Structures are given as structure tokens and as C-alpha cells.
Novice: 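Mind having a look at this structure? Questions to follow.
Computed from a predicted model, the values in this text were never measured in an experiment.
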Amino acid sequence: MAAAAAEPGPQDFVYGEEDFVLQGAGWGDEPGAAPSRFDRALLESWDDRMERGLFRYRLGPLPTRVLPGAMRLVAQLNVQRGTERRPPQPVRSLRQPFDPAAFHFGRLRPAEGLLRLRRAGPGPAAAAHLLVAINASPLERGHVLLLPEPRRGLPQALTAPLLRGALEAALLSASPAFRLGFNGLGGRASVNHPHLHAFYLRRPLLLEAAPARPLGPRGGPGPRLLRGVPAPAFLFYAAGPAELEGLARDVCRAAEHLEDTGLACNLFATRGDPPGGAAGGGTGTGRGLRVLLWPRRPSFEAESDAAFSVALCELAGYLPLPTAPLYRDITEEEALRIIRQPLLPEPELLRLGEELARLLAS
């Protein structure tokens with residue numbers, strides 16, 4: 001009798017600057033744009049784990065539509081994620097300690113790991129690695145978690161090395177659909193263990209190109225204020241790899257300041273235009289990485305009366321919805337009312353942005 005095949009484990013993915021896709025495909029280039037080495041490795045291993053039954057449900061094509069209105073909200077019906085995903089862990093504090101008795105990513109099976117990302121060369125950045133693991137309740141094909149140290153008992157928090165490594169992963173992808181996100185404690189994080197989300201959303205979002213206004217001295221360090229999007233946010237921008245370390249440091253200093261003032265946060269990163277607005281006619285030329293940071297009032301209780309919870313996807317204008325009637329009937333006005341409910345009033349947001357601009361300029 002033949003022996004059962006061993007479960008696969010994560011593959012080492014060593015990369016260097018030559019692997020960064022500096023002129024990523026624009027939406028006008030889809031679907032003919034060639035995937036990168038990273039895209040192929042991630043999606044092929046993800047598909048393999050789907051065939052092996054390692055997810056909570058089998059994900060097929062999902063009904064998707066753009067809601068009528070100026071915000072171009074992307075609604076998507078994902079009934080199984082609504083019913084099959086692991087219930088979120090209770091969160092009662094912005095600084096809640098790690099609980100080894102609760103679910104954490106140290107419990108993942110080896111086969112749930114897809115890639116170990118490690119940058120080639122000397123130095124501490126090369127020594128560290130990120131584990132790319134499946135999200136067992138996926139939003140879309142290719143939905144993964146980026147895990148810095150799954151065996152260590154640390155609470156969910158954004159650190160500069162973690163964010164920099166995740167942004168480098170974004171530059172390894174050739175697709176404008178590749179997105180990153182972070183939900184902080186009190187910002188609808190469902191597991192209190194360090195992780196970011198990454199996924200492919202094959203629809204453009206308004207926040208990729210909307211212009212932003214400076215909050216500090218022009219030309220100084222971020223953030224900028226991004227208006228005219230579903231959820232006003234602080235925008236940070238990197239034109240290329242050389243700016244990632246400084247951007248990651250600034251974003252994390254800003255997130256720490258929010259926590260110190262009693263605010264939670266969410267983050268979303270995507271290929272996008274410079275802060276002034278569209279570059280290169282939307283072809284990918286001149287596009288860098290946009291990182292959006294949302295300060296919000298902490299949410300510690302379940303939103304029993306809301307049509308959906310508000311986390312990184314919803315703030316970005318992407319609405320994964322759990323029921324067919326909600327998907328069919330929801331309007332932009334209703335969705336925006338829910339999305340903006342945990343956010344700060346604009347005068348408070350402006351004061352906070354000016355405060356962050358002074359902090360990051362010091």
C-alpha cells in the first residue's frame with residue numbers, strides 16, 4: 001500500500017531589489033499583464049492548498065458590483081465567509097496582552113504556510129522573514145496573512161519591520177489588484193497576534209488616485225489628508241523601495257501616537273498615484289505605494305444592529321457582504337453612513353493630522 005504523501009510546507013522565497021516591480025501594471029493593462037515570480041508562487045501554492053481542502057470553504061467566483069454613486073464602492077457577496085469564518089476574539093483594550101489559550105498563528109499546520117519571504121543580502125532586514133500563510137476564510141483568491149514571528153506570543157501591533165516587509169511584498173507583485181491591510185486592536189482585529197492581510201481585489205478603488213492635501217510644510221514628511229474617498233484618511237506615499245524604511249517608521253510612529261491618545265486604527269496599502277493625483281494616465285507609469293491610516297474610535301463590542309462591521313476593507317471602499325438581500329439592496333448612502341460611523345469628525349481629524357505632521361517633522 002502506497003504511503004500517504006507528506007503535507008507540503010512553506011517554500012523559501014528569497015528576493016532582492018531586482019525582483020521589485022517598479023512600474024506595476026495599470027488597470028488598462030489587465031488582464032494581459034504578466035504575473036511576477038512572486039504572484040505565480042503565491043497563487044500556485046494558494047490554489048494547491050484549496051485543492052487539498054485546507055480552507056473552511058471552497059471559494060469560487062463571487063458576485064461583485066460597483067454601487068451607483070460617486071464613491072464607486074465595490075460590493076461583493078461572500079455568504080460562506082459570513083457563516084463559516086472563526087468568530088473574532090473578544091477585544092477589550094487597545095493594549096490587550098497576548099493570550100496563549102486563545103487561537104493564534106503558532107497553531108497553524110505546516111501546510112497552511114505558503115512562502116517564507118526573505119530579502120537576500122547582509123543586514124538585519126535580510127535576516128528577518130515573513131511567513132505567508134493562507135487565510136482559512138478567504139475574501140478572494142490569493143487572500144493570505146503575513147506573519148512576522150508566529151511562534152512568539154506577541155499581541156497584534158504594527159511595527160516598522162513588519163510594515164516594511166509587507167510593503168516590499170507589494171512591490172514584488174506586478175498586479176494593481178494586490179492589496180495589504182492591518183486591523184488594530186479596537187479596529188476589528190479578529191486575532192490578537194501580529195499579522196497583516198494581503199489579497200487580490202481585481203477592481204480599482206477611488207483611493208488609488210484621489211488627490212490629498214498636505215498637513216505640514218509642503219515637501220515635509222507625511223501625512224497628507226485624503227478627502228473625496230469613502231472614509232477620509234491620512235495618506236503616506238513611497239515612490240520606490242528607497243523610501244519604504246522611512247515611510248514604515250513614520251506610519252508606525254503615527255499609529256503609536258493614536259494608541260497613546262486612546263484611538264484605534266486601520267491601515268490599507270495599494271499601488272497608487274502620487275499624493276497630488278493621477279500620474280501617467282493610469283497606465284502604471286509614475287505609480288508608487290499609497291498607505292492609508294485611519295484613526296477611529298475603538299470598537300470593542302459586536303455591532304449587532306449594523307448591516308456589516310467596519311474594518312480595513314470597508315474603509316477602503318470594498319464591501320464583502322454576507323447575505324444576498326444586503327448585496328442586492330444596499331445603497332451608497334446606507335453604506336457610507338455605516339463606514340463613517342466610527343471615524344472622527346473632520347475638525348478633530350484635521351487637528352490630529354496637524355499634530356502628527358509636527359510629530360513626524362521633529
Side-chain angles (χ1 to χ4, degrees), residues 94 146 156-167 170 179-189 194-198 205-216 220-239 243-275 288-299 310-318 339-346 348-362:
L94 296 176
L146 304 181
Q156 170 74 327
L158 192 64
T159 67
L162 170 57
L163 181 56
R164 177 181 173 172
L167 294 174
R179 326 299 181 123
L180 299 168
F182 172 86
N183 293 321
L185 296 179
R188 296 300 174 191
H195 66 287
L196 271 77
H197 293 265
L205 298 171
L206 195 61
L207 53 71
E208 296 171 32
R213 54 161 278 195
L215 287 164
R224 293 169 172 84
L225 181 63
L226 188 65
R227 282 177 165 144
V229 291
F234 297 135
L235 173 66
F236 298 78
Y237 181 78
E243 299 177 16
L244 293 186
E245 184 173 1
L247 182 148
R249 183 177 59 247
D250 284 350
V251 171
C252 290
R253 286 184 70 194
E256 289 168 7
H257 183 75
L258 298 183
E259 186 180 278
D260 289 342
T261 59
L263 294 170
C265 73
N266 301 90
L267 176 146
F268 188 84
T270 183
R271 297 266 185 177
D273 294 320
L289 290 177
R290 284 186 163 207
V291 178
L292 286 80
L293 182 69
W294 288 280
R296 61 181 289 169
R297 301 181 190 92
S299 302
V310 178
L312 70 94
C313 292
E314 294 76 13
L315 291 167
Y318 165 42
I339 289 168
R340 293 171 177 171
Q341 193 276 330
L343 301 181
L344 305 181
E346 186 164 303
E348 191 175 342
L349 185 67
L350 281 169
R351 286 195 299 271
L352 180 60
E354 291 163 358
E355 196 175 288
L356 289 177
R358 289 193 297 272
L359 172 70
L360 298 179
S362 63

Novice: Rounded at 0.5 Å granularity, tell me how far CG in Leu349 sits from CH2 in Trp294.
Specialist: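 Going from the CG atom of Leu349 to the CH2 atom of Trp294 covers 12.0 Å.
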Novice: Closest heavy-atom contact between Leu215 and Glu354?
Specialist: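 In this case the closest contact between Leu215 and Glu354 is O-CG, 4.2 Å.
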Novice: Nearest 0.5 Å please: distance from the CG atom of Leu225 over to the CG atom of Leu356.
Specialist: 11.0 Å
Novice: What are the two closest non-hydrogen atoms of Thr159 and Cys252, and how far apart are they?
Specialist: C-SG, 3.3 Å
Novice: To the nearest 0.5 Å, tell me how far Leu162 CG sits from Leu196 CG.
Specialist: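 It comes to 5.0 Å.
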Novice: Is the shortest heavy-atom distance from the side chain of Leu146 to the side chain of Leu180 under 4.5 Å?
Specialist: yes
Novice: Run the side-chain contact (heavy atoms from CB on, under 4.5 Å) test on Val229 and Leu292 for me, step by step, so that the C-alpha distance in whole Å, both residues' side-chain angles and the decisive distance to 0.1 Å come before the verdict.
Specialist: CA-CA 11 Å; Val229 291; Leu292 286 80; 5.5 Å; no
Novice: Please report the shortest heavy-atom distance between Pro295 and Phe234, naming the atom on each side.
Specialist: CG-CE1, 3.7 Å
Novice: Quick one: does any side-chain atom of Arg227 pair with a main-chain N or O of Ala212 as donor and acceptor, under 3.5 Å?
Specialist: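 Answer holds: no.
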Novice: Counting only heavy atoms from other residues, nucleotides and ligands, does the tally under 6.0 Å from CD of Glu245 exceed 12?
Specialist: no
Novice: Has the side chain of Arg297 got a donor or acceptor atom that lies under 3.5 Å from a matching backbone atom of Gln341?
Specialist: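 Side chain of Arg297 to backbone of Gln341, a donor-acceptor pair under 3.5 Å: yes, one is there.
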Novice: Taking all non-hydrogen atoms of both residues into account, name the closest pair between Arg290 and Leu226 and its distance.
Specialist: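 Between these two residues, the closest heavy atoms are NH1-CD1, 3.9 Å.
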Novice: Can you tell me how far apart CG (Leu235) and CG (Leu207) are? Round to the nearest 0.5 Å.
Specialist: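 Separation between the atoms: 9.0 Å.
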Novice: Could you grab the distance from atom CZ of Phe236 to atom CD of Glu243, nearest 0.5 Å is fine?
Specialist: 13.5 Å
Novice: Test Arg179 against Leu205 for side-chain contact (heavy atoms from CB on, under 4.5 Å), laying out the working first.
Specialist: CA-CA 11 Å; Arg179 326 299 181 123; Leu205 298 171; 3.6 Å; yes
Novice: Would you name the heavy atoms of Pro230 and Leu315 that are closest together and state the gap between them?
Specialist: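 Looking at all heavy atoms of both residues, the closest pair is CB-O, 4.2 Å.
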Novice: Would you give the length of the straight line joining atom CG of Leu359 to atom CG of Asp250, rounded to the nearest 0.5 angstrom?
Specialist: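 The CG atom of Asp250 is 8.5 Å from CG of Leu359, to the nearest 0.5 Å.
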Novice: How far apart are the closest heavy atoms of Gln156 and Ala189, and which atoms are they?
Specialist: CG-CB, 4.2 Å
Novice: Would you give me the side-chain donor-acceptor pairs under 3.5 Å for residues 256-267, sequence neighbours excluded?
Specialist:
unit_1 : atom_1 : unit_2 : atom_2 : d
His257 : NE2    : Glu355 : OE2    : 2.5
Glu259 : OE2    : Arg95  : NE     : 2.9
Glu259 : OE2    : Arg95  : NH2    : 3.3
Asp260 : OD1    : Arg95  : NH2    : 2.6
Thr261 : OG1    : His257 : O      : 3.3
Thr261 : OG1    : Leu258 : O      : 2.8
Asn266 : OD1    : Arg296 : NH1    : 3.0
Asn266 : ND2    : Asn183 : OD1    : 2.8
Asn266 : ND2    : Gly187 : O      : 2.8

